[in-house]
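Each chain gets a letter, A, B and so on, in the order its sequence line appears, and its residues count up from 1.
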Amino acid sequence: MHPIGWDAFGLPAENAAIKRNLDPRAWTYDNIELHKASMRRYACSFDWDRIIRTCDPIYYRWNQWLFLEFYKKGLAYRKNSMVNWCPSCQTVLANEQVVGGACERCDSVVTKKALTQWFFKVTEYADRLLDDLELLEGNWPSKVLSMQRNWIGRSYGAEVDFAIEGRTEPVTVYTTRPDTLFGATFMVVAADSDLAAELVSGSTAEIRMQFQAYLDEVKKSNDIERLATDRDKTGLDSGRFAINPANGERIPVWISDYVLADYGTGAIMAVPAHDQRDLDFARTFGLGVKVVLETGEADPLETGVALTGEGVLINSGELNGLSKAEAISKITGILEKEGRGKAAKNFRLRDWLISRQRYWGTPIPIIHCDDCGEVPVPQDQLPIELPSAEGLDLAPKGTSPLGGAEDWVNVPCPSCGKPAKRDTDTMDTFVDSSWYFLRYLSPNSETEAFSKEEAKKWLPVDQYVGGVTHAILHLLYARFFTKVLQDLGHLDFSEPFTRLLNQGMVLMNGSAMSKSRGNLVKLGDQLDEHGADAVRLTMAFAGPPEDDIDWADVSPSGSGKFLARCWRAANDVNSEVGVDFSKGNVELRKVTHSFLRDFSANIEGFKFNVGVAKLMELVNALRKAIDGSVGPADPAVREAAEVAAIGLSLFAPFMAEEMWSILGHKPGVALAGLPEADPSLLVQDTITAVAQVDGKLRDTFEVSVDATEADLQAAADNSSAVQRAIDGREIAKVIIRAPKLINIVTKQ
RNA sequence: GCCGAAGUGGCGAAAUGGCAGACGCGGAGCACUCAAAAUGCUUUGCUCGAAAGGGCGUGUGGGUUCGACUCCCACCUUCGGCACCA
């Protein structure tokens, strides 16, 4: 099954439609037709009966079904938090859609905003998403695996409770270095955390004012500024004190933006001697530095470089003398026993924010009732179709345009019947693409998202192809969905894509094509100029499929020449269909059959460029045979031409079909199938043996395939080139790999 | 800072540890032609040499090996990802 569909909801389509003052619906469906026509022109052999469009209600009603399944399991939830906000798209963004502090779509600088939003609980699957990457090792590009590992970012450490003076509850911090607990000389709390505000509220009026000013500063800064390296540490003293549970020392509590509110507990124990960031902070504000791990490095206070190496614990009470690993395990045990801490792990991964304040997406199937709260839309009311765009103001304004569709928004509560309102946000389009591969199994079903039976038969996907841009977006989300659906009993496998190929891009003059750069190469123009076959062949021949191709470096006209050469060769064949190949010229037959062996291996190994090269070699041999003593009537010539046509059908279907017809066959070269290579024709009579002296090639000779070591030795003895290279030196050793190689090692 | 990948002719690229550069682009030459185009053939890593024949050559430096583009270590460069994640 090789299906095709359109992931058609989302911002780009909506923005393009708004710009042209069109209904996103009309714009999208028109473009699907255009796109489809150009793909057909390019002769893509998809299964055109299994088309999906994610913006069809018949598709997205199952997004809504899935949402409700997740909701039932507690995997879809709403919370208020600081979220990524794109001021240009006027919508929130998932963490995965913020690239280097900018919006993935429009490159605007992303800011933070406090909003109540829908999330999918990816973090609940963090361990499995990470551990199951093992299953993909070797079949997915290692780059994607490492990007996912990086993104999920699991770390192991401990949570430690610090008592706070004047506060009943202790504050818990997360650390990966509990061994350095005795070296904690202050605590830092994230400036934008609730805890910071609370601690300051119990402090002096002056500190409260300072804090407010600092917080305003922090909130103004955006991600780009935050990401700037070598940024000076900022912060302020909260005026409060904590007690180091290891040694009872009274340590100040500071507030800074270098601690993140949404990672760990939003508060850290600072060990400046052994953490660079803490050291930078301590040096800026003149806080204490206490070395607790003797690593043999110079004093961090003087060098400004924290000690992060291995060593032996010092100044640490009962931990003294232990190694880092021993100390981590011992102190964790002690804290657990005393009920003041425990082993813990943390993830970089955050929950997936899926609500969008835009029109062109799947409506979230929840109704908000003043009395009943969030009420799921009953199954029999699905799909909740998008209201018509007519009369709605689609321009980005920070709240969903669906809010303006009053007839649509105002509905009775399914639970109590009182007037209630639909949720007006739409889902992130990555929800659509997280399960579409399942939908191909039954693209038109009105009774189920996908067929369990068909899934058993077809899935998981054997070979997935996609850009590396999806490494931590689509590919992570699709893996998450698959695992959830497995847990819900809808699927019996845990990984959706068995093998993954990241195809490269077509560049022009060294960079990705873009309108603004003006380095656009239009497929349509190339097809007009060279034809689909030549363009396809050029793509395949240019290099490995995972590499980028610079269109400036390739030669579609060269491909055209090769195709013409194939066509002429087919025309020159001068024998009848069905002629007995076994009577043909053996030399040419050997070429044809070793092609059959090599070509299949190349194609199956995704080395299409090498496959094309082999095809060229075959056609070159065919040309020589026709023009030379073999002649166009030899059965081997027909055999080679037919094999070439079948091989070519993978890359240049039109020319291959033409050749097939010229060769007197009924249409259907693509279905002909490559014949098996005849083993008897793969056997070589002679082979080129190489003779080396001290590992350097000195001579080659044609020898029989069953040449013995003695034969090779004799040949080397008779070779003047070999003898000249030995130059009378004493022979130390002779390595012979009959029949291919002899290496004579001389005493130096 | 951390993680990862890649460095081979003028260019795109090939090469189970065993003839480096297959195949193609570009270049040069020859044939066909009145001529050109098209086509076919030859040639084309660098370098010394008239030639025969040498030397050098897969980012750099080491190592393993009879033998390294390939395996190991260090470094350089480029690209990609993450990044104040405690």
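- Salt bridge present: A/R729 and A/D694 bring a charged side-chain N and a carboxylate O closer than 4.0 Å.
- With a cut-off of 3.5 Å on both pairing distances, the Watson-Crick or G-U wobble partner of B/rG4 is B/rC79.
- Counting to the nearest Å, the P atom of B/rG53 and the NZ atom of A/K696 are 18 Å from each other.
- Across the P atoms, B/rC34 and B/rG26 are found 27 Å apart, a figure rounded to whole Å.
- Between A/Q148 and A/W140, the side chains place no donor N or O within less than 3.5 Å of an acceptor N or O (distance only, hydrogens not considered).
- Using a 4.0 Å cut-off between charged nitrogen and carboxylate oxygen, A/R149 and A/E137 count as a salt-bridge pair.
- Comparing B/rC69 with B/rG17, their P atoms sit 13 Å apart, to the nearest whole Å.
- For the pair A/L279 CG and B/rG1 C1', the computed distance is 15 Å after rounding to whole Å.
- Atom CG of A/D194 is surrounded by 12 or fewer heavy atoms from other residues, nucleotides or ligands within 6.0 Å.
- For the P atom pair drawn from B/rA68 and B/rC46, the interatomic distance equals 24 Å after rounding to whole Å.
- Under 3.5 Å, the side chain of A/N150 and the base of B/rC82 form no donor-acceptor pair of N or O atoms.
- For the C1' atom pair drawn from B/rU33 and B/rU39, the interatomic distance equals 12 Å after rounding to whole Å.
- Pairing for B/rC11 goes to B/rG24, judged as Watson-Crick or G-U wobble with the two contacts each under 3.5 Å.
- Rounded to whole Å, the separation between the P atoms of B/rA35 and B/rG49 comes to 39 Å.
- Nucleotide B/rC41 forms a Watson-Crick or G-U wobble pair with B/rG29, both donor-acceptor distances falling under 3.5 Å.
- Between A/R283 and A/D278 there is no salt bridge, since no side-chain N of the basic residue sits under 4.0 Å from a carboxylate O of the acidic one.
- Going from atom CG of A/D547 over to atom C1' of B/rU78 covers 15 Å, rounded to whole Å.
- Of the candidate nucleotides B/rC19, B/rA22, B/rG81, B/rA22 has the atom lying nearest to any side-chain atom of A/A613.
- Comparing B/rC23, B/rC84, B/rG55 against the side chain of A/F541 picks out B/rC23 as the nearest.
- For the pair A/I603 CD1 and B/rC23 P, the interatomic distance rounds to 18 Å; values are reported in whole Å.
- For A/K740 against B/rC19, a side-chain-to-base donor-acceptor contact under 3.5 Å is absent.
- Residue A/M616 contributes atom CE, which lies 14 Å from atom P of B/rA22 at whole-angstrom precision.
- A/H470 places its NE2 atom 16 Å from the C1' atom of B/rG80, with the value rounded to the nearest Å.
- Within 3.5 Å, no donor on the side chain of A/Q276 pairs with an acceptor on the base of B/rG1, nor the reverse.
- Across the strands present, B/rC84 finds no partner; the criterion is a Watson-Crick or G-U wobble pair with both atom distances under 3.5 angstrom.
- We find that CG of A/D727 is positioned 12 Å from P of B/rG54, with the value rounded to whole Å.
- Summarising the base pairing, B/rG61 is matched to B/rC73 through a Watson-Crick or G-U wobble pair whose two defining distances lie under 3.5 Å.
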